[in-house]
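Take a look at the structure below.
Counting begins at 1 with the first residue of the sequence. For ligands, and for the atoms within them, numbers begin at 1 and follow the listed sequence.
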Amino acid sequence: MSVSPLPIGILVSGRGSNMEAIAAAIARGEVPARIQVVVSDRPGACALDLARQRGLKAMALEPRAYPTRQAYDLALAAALEREGVELVVLAGFMRLLSQDFLDRFPGRVINIHPALLPSFPGIDAQRQALEYGVKYSGCTVHFVDAGTDTGPIIAQAVVPVRDDDTPETLAARILVEEHRLYPQVIKWIAEGRMEFQGRRVRVRPGS
Ligand code: GRF
């Protein structure tokens with residue numbers, strides 16, 4: 001079954017490895033999506049350079065140029081709407097999005113978090129997991145609501161925690177799974193395979 005590519009916008013703040021993994025999967029023809037624009041809240045983000053090297057439209061929108069959080073979020077939503085974005089993909093975007101933003105893209109904003117939610121939300125998730133002493137961790141792709149990493153879970157991947165792990169070694173092991181899982185979820189959404197039952201998100205089998 002061929003589907004027309006889903007127009008997506010990717011929001012980034014830093015390194016951009018998830019953005020790269022998504023762009024590479026699209027380029028290989030594995031995900032029926034098109035990256036309309038990459039937007040960063042930080043003009044110096046490496047992710048913007050990587051996006052431009054791939055010939056993608058990339059722009060910085062700096063919060064300090066706006067008087068309030070609401071004004072920023074509305075400008076961000078407007079920029080994405082202008083590009084025809086239908087799915088907003090947060091890939092290391094370090095700002096919480098307000099309800100004002102989310103209302104413009106209802107059920108169409110997703111995030112990846114480097115822990116098995118609902119454990120260890122927020123920043124430094126890998127360090128939180130190590131300090132707690134869990135033996136498995138991983139990553140979670142979820143829909144975004146106005147809370148911190150609290151939206152309905154779409155998919156998770158698990159990795160073992162080793163006795164000699166540091167936050168960095170654990171992060172690297174989780175990142176391998178992030179790069180596999182995030183494009184996979186975008187593919188499911190682009191194929192219209194998501195089903196909801198309350199907070200439960202299910203994926204219909206592909207044809
Ligand atoms: C990833 O670990 C992601 O789970 C978290 O922020 C990090 C972003 O990394 N939300 P990158 O910018 O995609 O390399």
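Inclusion of E178 in the set of residues having an N or O under 3.5 Å from an N or O of ligand 1 is warranted. Between I112 and ligand 1, a contact under 3.5 Å exists for at least one N or O pair.
Rounding to the nearest 0.5 Å gives a distance of 6.0 Å between CZ of R69 and CG of L96.
Annotation for ligand 1: atoms under 4.0 Å from non-hydrogen atoms of R15 are 9 (O), 11 (P), 12 (O), 14 (O). Listed by number with element, the atoms of ligand 1 under 4.0 Å from a non-hydrogen atom of P114 are 2 (O), 4 (O), 5 (C).
Considering every non-hydrogen atom in both A25 and P183, the closest pair reads CB-CB, 3.7 Å.
Judged by the 6.0 Å distance and 45° axis criteria, R95 is positioned over the aromatic ring of Y72.
Summary of contacts: the protein heavy atom closest to atom 8 (C) of ligand 1 is G92 CA, 3.6 Å. Among all non-hydrogen protein atoms, the one lying nearest atom 11 (P) of ligand 1 is S17 N, 3.4 Å.
For G16, the closest heavy-atom approach to ligand 1 falls below 4.0 Å.
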Report task. Could you give me the CA-CA distance, side-chain angles and deciding distance for E195 and V201, then say whether side-chain contact (heavy atoms from CB on, under 4.5 Å) is met? Result -> CA-CA 6 Å; E195 282 178 354; V201 180; over 6 Å; no
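M94 CE: 12 or fewer foreign heavy atoms inside a 6.0 Å radius.
For F143 and F196, the gap between ring centers is short of 6.0 Å.
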